[in-house]
Amino acid sequence: MAEKENKKRKRQSNGADALNKKVAFDGAEAGRVKITYKDQAGLHPVVVSTPGITAPTIPFKAYTKPLSSKGSSDDSIKPNTHDLLLHSQKHPRLDYAATPITLDQDLSHYIAVFDPTTKQIQITRAHHLSLRSKLRSDKEDDQSKRKRTIGQQREELGREFGTKKAKKAIADKTVNAIVKDAKGKGKKDDVQDAILDSMADSAVPALKEEEQLEAGLASKPIPKPNLAAETVEDVYTFNTLIPSSDARLVDIKEWIEKTQAEEAMNFGHRFPAYRVQAIGKREDVMRLKALRYLTLLLDFHDALQNAGKAGKKVPKKDVLDRKLESWPAALVSSVRQRFSNPSNELPKWHLQNFHTHMCALSLFVDGWTTDTTHLKDDLKLETKEIGQYFRELGCKVGPPTEAERERMGIKKAMAAATKIAKLKLPLDFPKARVGRKR
């Protein structure tokens with residue numbers, strides 16, 4: 001027992017025995033790879049960088065220059081003994097030249113080629129060059145040496161001695177030419193041909209009509225419409241008009257209780273006052289939230305102060321809190337950040353964006369057909385201005401029909417001054433204005 005205890009035990013690393021054997025894959029010889037290095041005189045591969053251009057598929061001529069005048073010969077051409085230059089004039093308009101990179105003087109480049117059949121990797125030293133293109137110097141065109149045709153002589157006489165109508169007809173032939181020569185005749189030069197050839201492969205397809213419309217609407221001060229909507233309800237959705245974080249803070253419980261009990265409710269604006277009872281009795285939660293949020297925007301609009309040519313500005317925090325004390329402070333702060341700039345101002349673009357959002361909310365509340373009179377009076381706008389806001393949303397604005405007039409209970413004299421905004425598919429957005437030709 002004593003002899004067994006005195007025997008030394010082998011040290012274990014991390015409680016696991018070290019492996020003494022290597023894993024073989026398909027036999028011991030199959031996993032071995034032979035590496036060879038080739039640096040003999042003669043042809044060597046070339047690594048070419050093409051910054052800013054696309055390498056053409058044309059043949060090149062190779063030229064070499066020894067790095068040192070001592071001990072160099074044409075028989076022992078290597079990347080470490082000679083500089084390599086590639087040049088080609090096979091392109092119809094451009095000359096290409098690949099020259100060594102001066103920053104690589106202290107660097108060596110290699111290419112490794114693996115042959116899976118023989119399990120060999122061959123490493124070869126390579127030249128590193130940078131490819132550049134240059135426009136070939138203008139040469140006399142063979143066609144310019146030819147005699148002018150009778151038609152060309154007539155055009156020249158017409159430009160010099162013809163009537164105004166004849167001169168205009170000749171000028172119209174070359175009105176779309178890229179460049180005109182001294183006599184006004186259109187002619188493309190080699191620079192433009194080279195640029196157009198290089199653009200052909202990477203040309204971006206023209207935008208579709210829907211993509212052009214979407215790009216134009218993205219810069220307008222309106223809520224983002226869904227141009228792919230199949231129903232009117234999907235054009236300006238609830239989540240588009242009211243952020244989800246704001247919708248959670250909009251409380252409609254009090255409104256529902258008072259409308260169910262038919263209690264009187266006081267409002268400072270006509271639009272919510274004429275609609276809250278009907279919507280509250282139906283318990284239409286989405287439209288009631290939209291109407292409640294629109295009421296906040298109207299109160300916020302009344303709290304704004306004039307800023308001269310800059311439009312409107314948000315009052316100081318203590319003044320704003322006092323005017324909107326009945327609303328949650330977090331909701332008021334979210335509205336301020338959403339519709340004003342970092343300077344707490346509402347210049348023209350921001351103010352129009354604020355107004356169009358309220359117009360879109362009024363459409364949502366009234367089922368996408370609304371009388372613009374109440375909102376016009378609440379915002380203190382002109383009929384033409386409020387009508388333009390609805391048109392920017394894709395609505396058609398006009399007087400009520402005879403059936404609508406009877407349903408609204410208004411007389412014909414009043415109907416002429418009443419405007420109804422309707423959102424229908426397909427959407428009808430105003431066309432971009434084009435200035436008059438001078």
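Remember, it's a predicted structure, so these values are computed and weren't measured experimentally. Below, each value reflects all heavy atoms present in this structure, side chains not excepted, and no hydrogens, waters or symmetry copies.
- A distance of 4.5 Å separates OH of Y293 from CG of D246, quoted to the nearest 0.5 Å.
- Checked by atom type, the side-chain pair D115/T117 shows a donor-acceptor distance below 3.5 Å.
- Remark: side-chain polar atoms of S333 are not paired, donor with acceptor, to backbone N or O of A329 under 3.5 angstrom.
- Annotation for E382: atom CD does not count as buried by contact number, only 12 or fewer foreign heavy atoms lying within 6.0 Å.
- A distance of 9.5 Å separates NZ in K376 from CG in D371, rounded to the nearest 0.5 Å.
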Before giving the answer on side chain to side chain contact (heavy atoms under 4.5 Å, CB included), spell out for Q122 and Q120 the whole-Å C-alpha distance, their side-chain angles and the decisive distance to 0.1 Å.
CA-CA 6 Å; Q122 186 181 51; Q120 290 186 358; over 6 Å; no

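- Remark: side-chain polar atoms of S88 are paired, donor with acceptor, to backbone N or O of P59 under 3.5 angstrom.
- Here salt bridge (Lys or Arg N to Asp or Glu O under 4.0 Å) pairs that include residues 385-394, with residues two or more places apart or in two chains, are K220-E392.
- Listed by chain and number, the residues in a side chain to side chain donor-acceptor pair (under 3.5 Å) with N306 are K312 (sequence neighbours excluded).
- For L393 against Y236, the heavy-atom pair with the smallest separation is O-OH, 2.8 Å.
- For the atom pair OH (Y63) and OG1 (T99), the distance works out to 14.5 Å, reported to the nearest 0.5 Å.
- Between T50 and V48, some side-chain heavy-atom pair lies under the 4.5 Å cut-off.
- Between the side chain of K313 and the main chain of N344, no donor-acceptor pair closer than 3.5 Å is present.
- Between I58 and H91, the shortest heavy-atom contact is CD1-N, 4.1 Å.
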Side-chain donor-acceptor pairs under 3.5 Å in residues 408-429, sequence neighbours left out?
from : atom 1 : to   : atom 2 : distance (Å)
T418 : OG1    : M414 : O      : 2.9
K422 : NZ     : E404 : OE2    : 2.9

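- Residue pairs meeting the ring-ring contact (aromatic ring centres under 6.0 Å, His included) criterion with at least one partner in residues 243-279, sequence neighbours excluded, are W255-F267, Y274-H374.
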One pair to check against side chain to side chain contact (heavy atoms under 4.5 Å, CB included): W327 and V335. What are the steps and the verdict?
CA-CA 11 Å; W327 296 95; V335 170; over 6 Å; no

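- Listed by chain and residue number, Q260 satisfy the side chain to side chain donor-acceptor pair (under 3.5 Å) test with E283 (two or more places apart in sequence, or in another chain).
- Two residues are said to be in side-chain contact when any heavy atoms from C-beta on lie closer than 4.5 Å; D378 and P272 meet this criterion.
- Side chain of R287 to backbone of V365: a donor-acceptor contact under 3.5 angstrom is found.
- Remark: R322 does not engage E325 in a salt bridge, criterion side-chain N to carboxylate O under 4.0 Å.
- Listed by first then second residue, pairs satisfying salt bridge (Lys or Arg N to Asp or Glu O under 4.0 Å) with a partner in residues 357-369 read R275-D366, not counting sequence neighbours.
- The closest side-chain heavy-atom distance from I53 to Y96 is below 4.5 Å.
- When the side chain to side chain donor-acceptor pair (under 3.5 Å) test is applied to K317, the partners found at least two apart in sequence or on another chain are D321.
- Taking the side chain as every heavy atom from C-beta outward, T259 and V276 approach each other to under 4.5 Å.
- Summarising the geometry of Y110 relative to S108, their closest heavy-atom pair is CE1-CB, 3.6 Å, with the distance given to 0.1 Å.
- At a threshold of 4.5 Å between non-hydrogen side-chain atoms, the residues P56 and L131 count as touching.
- Between the side chain of K289 and the main chain of A247, a donor-acceptor pair closer than 3.5 Å is present.
- From K258, atom NZ reaches atom NZ of K253 across 13.5 Å, with rounding to the nearest 0.5 Å.
- A distance of 12.0 Å separates OG1 of T163 from NZ of K168, quoted to the nearest 0.5 Å.
- A perpendicular orientation is assigned to the rings of F300 and F354, their planes being inclined by more than 60° (bins at 30° and 60°).
- By the side chain to side chain donor-acceptor pair (under 3.5 Å) test, D251 pairs with no residue at all, sequence neighbours left out.
- Of all the heavy atoms in F364 and M286, the pair that sits closest is CE2-O, 3.8 Å.
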Using side chain to side chain contact (heavy atoms under 4.5 Å, CB included), reason through N341 and L346 one step at a time and then give a plain yes or no.
CA-CA 6 Å; N341 61 14; L346 278 79; over 6 Å; no

Table please: side-chain donor-acceptor pairs of residues 355-363 below 3.5 Å, with sequence neighbours left out.
from : atom 1 : to   : atom 2 : distance (Å)
H355 : ND1    : Y389 : OH     : 3.2
H355 : NE2    : H301 : NE2    : 3.2
T356 : OG1    : P221 : O      : 2.6
T356 : OG1    : Q352 : O      : 3.0
T356 : OG1    : N353 : O      : 3.0
H357 : ND1    : N353 : O      : 2.8
H357 : ND1    : N353 : OD1    : 3.3
S362 : OG     : C359 : O      : 2.5

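- Residues satisfying the salt bridge (Lys or Arg N to Asp or Glu O under 4.0 Å) test with K38, not counting sequence neighbours, are none.
- From L304, atom CG reaches atom OG of S340 across 9.0 Å, with rounding to the nearest 0.5 Å.
- For V319 against P315, the heavy-atom pair with the smallest separation is CG1-CB, 3.9 Å.
- Between the side chains of H44 and T124, no donor N or O sits under 3.5 Å from an acceptor N or O.
- Residues E233 and W368 meet the side-chain proximity criterion, which asks for heavy atoms closer than 4.5 Å.
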Please lay out, stage by stage, how I121 and I123 fare under the test side chain to side chain contact (heavy atoms under 4.5 Å, CB included).
CA-CA 6 Å; I121 296 179; I123 299 177; 4.2 Å; yes

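- T237 places none of its side-chain heavy atoms less than 4.5 Å from the side chain of N226.
- When the side chain to side chain contact (heavy atoms under 4.5 Å, CB included) test is applied to S219, no partner is found at least two apart in sequence or on another chain.
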Can you check salt bridge (charged side-chain N to carboxylate O under 4.0 Å, His left out) on D95 and K134, steps first, answer last?
CA-CA 5 Å; D95 288 347; K134 182 181 178 182; over 6 Å; no

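- With sequence neighbours excluded, no residue forms a salt bridge (Lys or Arg N to Asp or Glu O under 4.0 Å) with E230.
- Between P79 and L84, the closest side-chain pair of non-hydrogen atoms is not below 4.5 Å.
- Looking at every heavy atom in both residues, T295 comes nearest to L291 through OG1-O, 2.8 Å.
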